Every structure is written in C-alpha cells, then in structure tokens.
Amino acid sequence: MTTHKPVYFNHDGGVDDLVSLFLLLQMDSIDLIGVSVIDADCYVEPAVSASRKIIDRYGAADLKGIQVARSNSRPKNPFPKDWRMHAFYVDAMPLLNERPIVITQEAPKLAHLDMIEKLQAASSKVTLLFTGPLTDLARALDVDPSIEEKIEKLYWMGGTFLPDGNVHEPEHDGTAEWNAFWDPEAVKRVWDSNITIDMVALESTNKVPLTVETRKEWAQNRRFEGIDFLGQCYATVPPLVHFATNSTYYLWDVLTTAIIGKPELVSSHTVSCDVLPDGPSQGRTVLKESGRQVTVVDDVDRDAFFLYLTELAKHADQ
Ligand code: AGV
Ligand code: CA
C-alpha cells in the first residue's frame with residue numbers, strides 16, 4: 001500500500017506562494033487536505049481567487065471538493081503595497097482564466113478554524129507547510145491547543161540567523177526576515193509549542209536565486225504548459241539587472257515546498273533559538289542556548305532542485 005502524506009498548506013499569495021501551490025498539486029506522494037491564504041504579502045481576495053483557479057486547472061480529479069480558506073489575520077508590520085499587488089497579476093493571467101467559471105469554492109470557515117477542522121478530521125498526523133507569517137497557526141493553537149498532537153511537522157519559510165535579513169523599513173535595523181517581521185508574536189507562540197519545526201531561512205535559499213539563465217530556460221521550454229506557467233508567474237517579478245535593490249527573487253517558498261516531496265535535496269542542522277518580539281530588531285530570530293530547538297536547512301543540491309522543479313512542472317501536462 002502506498003502511503004500519502006497528508007499536507008495542509010497556508011500561504012500568503014506571493015508569486016512563489018502560488019507557484020508552490022501549483023507544485024504541491026503535482027506531487028504524487030502527498031495528499032493535500034486543505035489550503036488557506038493569509039493577507040500578508042498579497043491582497044487576500046485575488047490570492048484566494050488565484051488559488052481556486054490553480055486548483056481547478058492543475059489539481060487532480062481526486063482533489064474535487066477541496067476548498068480555499070481565507071484568513072482575517074492582521075499584521076504587526078504590513079508588507080509593501082507593491083509586493084502585495086503581485087497576486088492580482090497572477091489572478092488575471094489568461095492561463096488561469098480560460099474557463100468561464102471557477103469550480104473550487106471558498107471554505108466557509110476562517111483560515112485558522114478551517115485548519116483546526118482539517119487537522120482534527122485527519123486519520124493520521126498532518127504535515128503543515130507555511131510559506132508566509134505564522135499568525136494563523138498561532139491563533140489555531142490558542143483556540144485549540146490539542147491540534148499539536150495532530151501535527152507531524154511544520155515546514156516554515158521564515159527567519160534568518162544571518163546578520164542581515166530582508167526587511168528594509170524606516171524603524172527597523174534590517175536584521176529580520178519578512179515573514180517573521182510581519183507578526184513576531186506569532187513566531188513566539190509557535191516556538192512555545194511542542195511542534196517539530198523545519199525552518200527554511202534566508203541562508204537556506206541563498207543558493208537558489210532566480211537567475212536570468214533560469215528564466216531563459218523556462219522560456220525555451222514553454223511548450224510545456226507547466227513550465228510556461230512558471231515563466232509567466234515570475235514575469236510579474238522581473239529582474240532589475242542594472243539597479244541594485246533587494247529585488248532579487250529567491251525561490252524561497254518553492255524550495256520549502258520541494259523539500260516536502262524530496263527531503264534529500266537539502267541538508268540541515270539543529271539550533272536553539274528565540275525571536276525578538278519588539279523594538280528595532282523585531283522579528284529577528286537569534287541563536288540562544290536556552291531557546292527552543294529548530295532544524296534549519298543549511299545546504300541545497302541546486303542542480304537537483306531545479307531538475308525536480310522542471311520535472312514537477314512537466315507533470316502538469318500529463
Ligand atoms: O522573505 C521571503 C518571503 C517568502 O515567503 N516573502 C516572499 C516569499 O513569498 C517576502 C519577500 C521578501 N522579499 C520580497 C518579498 C520581494 N522582493 N518581493 C516580494 N516579497
Ligand atoms: Ca510567501
């Protein structure tokens with residue numbers, strides 16, 4: 001008997017979040033039991049809509065009936081509007097709008113309550129994949145702490161132990177990663193639980209920036225619809241090659257998602273750490289001997305990762 005790993009996915013509607021949903025739908029080894037969307041690096045309306053359309057177009061027949069839950073969680077520190085716009089572009093892509101109606105429905109419950117329901121109904125322990133802030137998980141733990149027992153492991157894209165994070169905001173010192181900065185207290189709440197955590201931090205994704213070469217390769221292979229979809233999605237976040245900003249797009253969430261299908265792509269080590277809740281370094285994750293244990297991805301087989309990505313995307317054509 002083949003065992004399918006049950007997975008619940010909470011994302012925040014960025015380009016790589018939506019690409020991650022597409023890739024999860026191509027994995028034969030998992031059983032996607034729920035999807036929810038938080039209003040962080042997106043506007044939640046187009047992000048829920050795009051998620052429903054991606055499931056319609058790329059989900060297998062046995063996913064019929066899966067719904068997309070919307071979060072009403074609010075930030076401590078909101079994402080820049082320009083980044084939040086990306087979900088509108090993906091939602092408007094012709095590839096996702098060929099069919100006149102959307103079959104996949106929005107879930108009746110709020111994201112964190114939907115997750116509690118799906119976890120409690122699952123017959124075996126569930127893998128959680130979070131590619132945005134941890135707010136919905138923190139809220140779910142507050143409402144029903146018994147869900148801890150239903151969680152196999154949390155994969156989270158967030159945090160960094162590097163001296164420089166990716167937050168460049170007026171009242172911040174730049175040491176935090178954005179998903180942690182959006183709601184530092186939620187990170188703290190999850191850290192205070194007994195959940196096993198695998199963290200994909202900024203140092204974990206430094207080896208997988210989205211290069212111009214990769215974009216060209218996707219363009220060359222756009223006869224495969226799934227590869228065209230990757231290229232079209234990332235065209236909404238084009239490279240600025242003559243202008244140095246933090247605009248380099250890493251495959252942050254995509255790497256986190258790929259590990260669920262192929263854990264052997266990465267190596268990791270365990271650290272004890274904490275998160276700073278407020279002040280100019282708020283959201284910074286720091287090493288601390290008395291802190292909680294987390295596994296951090298520290299190396300990626302870059303070529304094997306891109307090969308797997310291509311393989312999954314081509315799977316969408318079959
Ligand atoms: O910090 C990385 C997280 C990932 O979950 N997000 C983007 C990924 O979805 C925030 C972010 C950091 N830099 C960004 C981000 C950028 N230049 N554009 C959009 N989002
Ligand atoms: Ca994200």
Side-chain angles (χ1 to χ4, degrees), residues 9-24 35-44 46-48 50-51 54 71 73 75-90 111 128-137 154-162 164-169 172 174-184 186-187 190 198-211 230 233-241 243-260 275 282-285 296-297:
F9 183 31
N10 179 282
H11 73 76
D12 68 340
V15 166
D16 58 338
D17 297 86
L18 294 166
V19 166
S20 294
L21 173 60
F22 161 71
L23 295 169
L24 272 184
V35 177
S36 51
V37 186
I38 181 168
D39 206 356
D41 199 1
C42 70
Y43 288 93
V44 76
V48 166
S51 300
I54 289 169
S71 171
S73 295
K76 173 105 185 290
N77 301 291
F79 271 100
K81 173 178 172 248
D82 287 357
W83 296 357
R84 295 181 67 198
M85 290 298 291
H86 299 153
F88 279 105
Y89 310 145
V90 176
L128 295 184
L129 171 61
F130 272 64
T131 57
L134 291 175
T135 316
D136 288 326
L137 178 52
L154 165 68
Y155 289 88
W156 180 48
M157 192 288 127
T160 183
F161 299 106
L162 297 172
D164 292 323
N166 62 7
V167 171
H168 303 279
E169 290 286 300
H172 196 267
T175 54
E177 181 281 331
W178 258 105
N179 289 339
F181 177 62
W182 197 82
D183 187 355
V187 180
V190 173
D198 262 26
M199 190 171 139
V200 174
L202 294 181
E203 49 271 48
S204 324
T205 58
N206 272 346
K207 268 196 166 175
V208 290
L210 179 55
T211 61
L230 294 179
C233 281
Y234 279 103
T236 69
V237 286
L240 303 178
V241 287
F243 182 53
T245 63
N246 69 333
S247 71
T248 303
Y249 227 80
Y250 291 85
L251 295 176
W252 300 286
D253 299 351
V254 172
L255 177 64
T256 316
T257 303
I259 297 170
I260 290 188
V275 62
Q282 62 182 273
R284 180 180 186 178
T285 39
V296 187
V297 169

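Atoms within a ligand are numbered from 1 in the order they appear, just like the ligands themselves. Throughout, residue positions are numbered sequentially from 1 according to the sequence presented. This is a predicted model, so every value here is computed, not measured.
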S.K.: At under 4.0 Å between heavy atoms, is it the side chain or the backbone of D17 that contacts ligand 1, or both, or neither?
M.R.: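 Contact part for D17 vs ligand 1: side chain (C-beta onward).
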S.K.: Using the salt bridge (Lys or Arg N to Asp or Glu O under 4.0 Å) rule, collect all pairs that involve residues 198-210, keeping only residues at least two apart or in two chains.
M.R.: K153-D198, K207-D299
S.K.: Nearest 0.5 Å please: distance from the NE2 atom of H86 over to the SG atom of C233.
M.R.: 12.0 Å
S.K.: Which ligand 1 atoms are under 4.0 Å away from a heavy-atom of M157?
M.R.: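 Reading through ligand 1 atom by atom, the close ones are 2 (C), 4 (C), 5 (O).
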S.K.: Checking the N or O distance criterion of under 3.5 Å, is ligand 1 in contact with D12?
M.R.: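 Between D12 and ligand 1 (N or O atoms, distance only) the closest approach is not under 3.5 Å.
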S.K.: Between N166 and ligand 1, does any nitrogen or oxygen pair lie at a separation below 3.5 Å?
M.R.: yes
S.K.: I'd like to check which ligand 1 atoms, numbered from 1 as shown, lie under 4.0 Å from a non-hydrogen atom of D41.
M.R.: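 Once the distances to D41 are compared, the set is 6 (N), 7 (C), 10 (C), 11 (C), 15 (C), 19 (C), 20 (N).
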S.K.: Show the atoms of ligand 1 that are less than 4.0 angstrom away from any heavy atom in E177.
M.R.: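 Here the atoms of ligand 1 in question are 1 (O), 2 (C), 3 (C).
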S.K.: Between L21 and D17, is a side-chain contact (heavy atoms from CB on, under 4.5 Å) present by the stated rule, with each step listed?
M.R.: CA-CA 6 Å; L21 173 60; D17 297 86; over 6 Å; no
S.K.: How are the rings of W83 and F79 set relative to one another: parallel (under 30°), tilted (30 to 60°) or perpendicular (over 60°)?
M.R.: tilted
S.K.: Do N166 and L202 make a side-chain contact, defined as non-hydrogen atoms from C-beta onward lying under 4.5 Å apart?
M.R.: yes
S.K.: In chain order, what residues pass the side-chain hydrogen bond (donor to acceptor under 3.5 Å, both in side chains) check against T211, with sequence neighbours excluded?
M.R.: T214
S.K.: Against ligand 1, does Y249 come closer than 4.0 Å with any heavy atom?
M.R.: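 Within the 4.0 Å threshold, so yes.
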S.K.: Under 3.5 Å, is there a donor-acceptor pair linking the side chains of S73 and T135?
M.R.: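 There is no such pair (donor and acceptor under 3.5 Å, judged by atom type) between the side chains of S73 and T135.
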S.K.: Could you list the residues that satisfy side-chain contact (heavy atoms from CB on, under 4.5 Å) with D39, not counting sequence neighbours?
M.R.: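 By the side-chain contact (heavy atoms from CB on, under 4.5 Å) rule, D39 matches V44, R74, R84.
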S.K.: Counting no waters, what protein N/O/S atoms lie under 3.0 Å from the Ca ion (ligand 2)?
M.R.: D12 OD1, D17 OD1, D17 OD2, T131 O, D253 OD2
S.K.: Walk me through whether V167 and N77 qualify under side-chain contact (heavy atoms from CB on, under 4.5 Å).
M.R.: CA-CA 10 Å; V167 171; N77 301 291; over 6 Å; no
S.K.: Determine, considering heavy atoms only, which of F79, W178, W83 sits nearest to atom 19 (C) of ligand 1.
M.R.: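 Considering heavy atoms of F79, W178, W83, the nearest to atom 19 (C) of ligand 1 sits in W83.
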S.K.: Please tell me if the side chains of V297 and Y155 come closer than 4.5 Å, counting only heavy atoms from C-beta onward.
M.R.: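 Not touching, per the 4.5 Å side-chain cut-off.
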S.K.: Taking the side chain as every heavy atom from C-beta outward, state whether Y89 and V15 have any atom pair closer than 4.5 Å.
M.R.: no
S.K.: Nearest 0.5 angstrom please: D41 CG to M85 CE, how far?
M.R.: 12.5 Å
S.K.: Is it the side chain, the backbone, both or neither of N179 that has a heavy atom closer than 4.0 Å to ligand 1?
M.R.: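 Near ligand 1, N179 shows its side chain, while the N, CA, C and O stay back.
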S.K.: Please check whether T248 reaches ligand 1 - meaning an N/O of the residue sits under 3.5 Å from an N/O of the ligand, judged on distance alone.
M.R.: no
S.K.: Closer than 4.0 Å to some heavy atom of D253 - which atoms of ligand 1 meet that?
M.R.: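 Answer for ligand 1: 4 (C), 5 (O), 8 (C), 9 (O).
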S.K.: Using a 4.0 Å cut-off to any heavy atom of D16, which atoms of ligand 1 qualify?
M.R.: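 Listed by number with element, the hits are 8 (C), 9 (O).
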